[in-house]
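Note sheet for the following structure.
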Amino acid sequence: MEDVKKRKVGEAVGNGETSSSSSEEEMRLLLDPLPKPQLVHLLSKLGSQYPSIAEEIRSIASADPVHRKLFVRGLAWNTTSETLCAAFQVHGEIEEGAVISDKTTGKSRGYGFITFKHMESAHNALKAPSKMIDGRLAVCNLACEGLSGASTTPDLAQRKLYIGGLSPNITSEELLKYFEKHGDIEEGSVAYDKDTNVSRGFGFVTYKTVEAAKKAIDDPNKILGGRNIIVKLADSHKGKSLQTQLTTAVVPMALPMAAGYPQPGNAHVSTTPVAYTYPQTVASYPVSSYPSPPTAPAPFQAQPQISYAPVTLKKESLGLPSTPMGIGGYPYYLSKQ
């Protein structure tokens with residue numbers, strides 16, 4: 001049945017039949033139930049046989065920016081929109097190009113976009129996705145792919161290397177030139193501080209093949225800029241293994257609850273726990289089971305009591321003295337009123 005549909009479409013195109021409302025409707029009815037892979041195969045076959053159909057397909061595809069817009073990552077912090085466009089204009093006329101900056105600080109975020117005017121220009125740029133821009137090897141792919149392009153293949157962990165112990169004077173060009181002896185490099189750069197643009201003493205190199213990465217790791221002579229450098233897989237960098245262990249060690253466990261209490265997630269008709277009666281009687285504790293604590297002995301020997309002779313208190317008369325005494329012991333007399 002499918003072969004009959006294809007033959008009808010081919011015969012219609014080959015005979016040069018004019019399009020009419022009835023024939024277009026008939027074609028739609030024939031093509032609508034077909035799956036996408038079969039439609040792609042059919043159109044690609046017709047486009048290879050009839051140049052007019054190929055030109056129509058190319059015109060429709062080029063009108064959609066999804067086939068002309070590139071995502072460029074790995075840019076230097078000092079790369080501007082002008083320098084980004086200047087690096088890609090060799091492939092064709094650019095419709096739009098910009099480096100994405102942070103809204104708060106206004107500094108580059110390390111990536112940007114390039115939209116060509118023609119689809120062919122984008123395809124030419126993708127033939128060599130790695131491009132040196134402002135001293136850093138940037139990588140581009142179709143924007144519709146995002147980060148799911150070539151650099152996120154399953155073997156990326158075996159191709160990306162961490163390079164440590166770099167001299168502050170080593171540039172990205174020198175780093176790439178040193179490691180390109182082991183194979184073709186897809187992406188690589190020295191890590192620079194975002195604020196000062198000073199080398200942080202390490203970098204990354206991503207090879208196109210796993211074999212080239214293994215050669216770089218197994219190379220016994222790892223000296224660059226007069227220093228012994230560290231070359232290992234970026235995925236085995238410190239901290240990642242510990243984080244993985246902590247993540248896998250946490251296992252959720254359900255705590256058992258005593259029968260008769262409400263369980264989470266279950267509906268209960270009554271608020272009274274099952275299998276309990278109220279009030280409950282509590283048995284008294286036996287007195288004999290708790291003996292009295294022993295009496296502590298006296299620390300000192302008791303002393304006998306001492307009796308004292310009684311003391312007689314002399315009762316003094318109240319009132320004024322017979323001879324009033326003044327200051328200094330001299331007598332004085334009260335005046336008669």
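Computation of the quantities below employed the complete heavy-atom set of this structure, encompassing side-chain atoms and omitting hydrogens, waters and symmetry-equivalent molecules.
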Practice item. Kindly write out the residues that satisfy salt bridge (Lys or Arg N to Asp or Glu O under 4.0 Å) with E55, not counting sequence neighbours, or none if the list is empty. Key: R58
Practice item. Under the salt bridge (Lys or Arg N to Asp or Glu O under 4.0 Å) rule, collect the residues that match up with K117, sequence neighbours excluded. Key: E93
Point to revise | Which residues share a side chain to side chain donor-acceptor pair (under 3.5 Å) with E173, sequence neighbours left out | key: T171
Practice item. Can you run down the salt bridge (Lys or Arg N to Asp or Glu O under 4.0 Å) pairs that involve residues 95-105, sequence neighbours left out, and say none if there aren't any? Key: R68-E95
Practice item. Would you please name every residue forming a side chain to side chain donor-acceptor pair (under 3.5 Å) with E56, sequence neighbours left out? Key: none
Practice item. For D193, enumerate each residue passing the side chain to side chain donor-acceptor pair (under 3.5 Å) test, keeping only those at least two apart in sequence or located in another chain. Key: T196
Practice item. For Y111, check ring-ring contact (aromatic ring centres under 6.0 Å, His included) against everything at least two apart and list the hits. Key: F71
Practice item. Can you run down the ring pair (Phe, Tyr, Trp, His ring centres under 6.0 Å) pairs that involve residues 166-186, sequence neighbours left out, and say none if there aren't any? Key: none
Review point. Among all residues two or more places apart in sequence or in another chain, which pass the side chain to side chain donor-acceptor pair (under 3.5 Å) test with K107?
Key: D195
Per-pair distances, 0.1 Å, donor-acceptor, side chain in residues 129-138, under 3.5 Å, sequence neighbours excluded:
unit_1, atom_1, unit_2, atom_2, d
S130, OG, E186, O, 2.3
K131, NZ, H91, NE2, 3.2
D134, OD2, T79, OG1, 2.8
D134, OD2, T83, OG1, 3.4
R136, NE, S189, OG, 2.7
R136, NH1, L75, O, 3.4
R136, NH2, S189, OG, 3.4

**Study point:** Non-neighbouring partners of K45 that pass salt bridge (Lys or Arg N to Asp or Glu O under 4.0 Å), sequence neighbours left out
**Key:** none
Could you pull out all donor-acceptor pairs under 3.5 Å where a side-chain atom in residues 217-230 meets a protein atom, sequence neighbours excluded?
unit_1, atom_1, unit_2, atom_2, d
D219, OD1, N221, N, 3.2
K222, NZ, I217, O, 2.8
K222, NZ, D219, O, 2.3
R227, NH1, L166, O, 3.3

Review point. Can you name the closest pair of heavy atoms from S172 and V190 and give their distance?
Key: OG-N, 3.1 Å
Review point. Between R159 (side chain) and Y207 (backbone), is there a donor-acceptor pair under 3.5 Å?
Key: yes
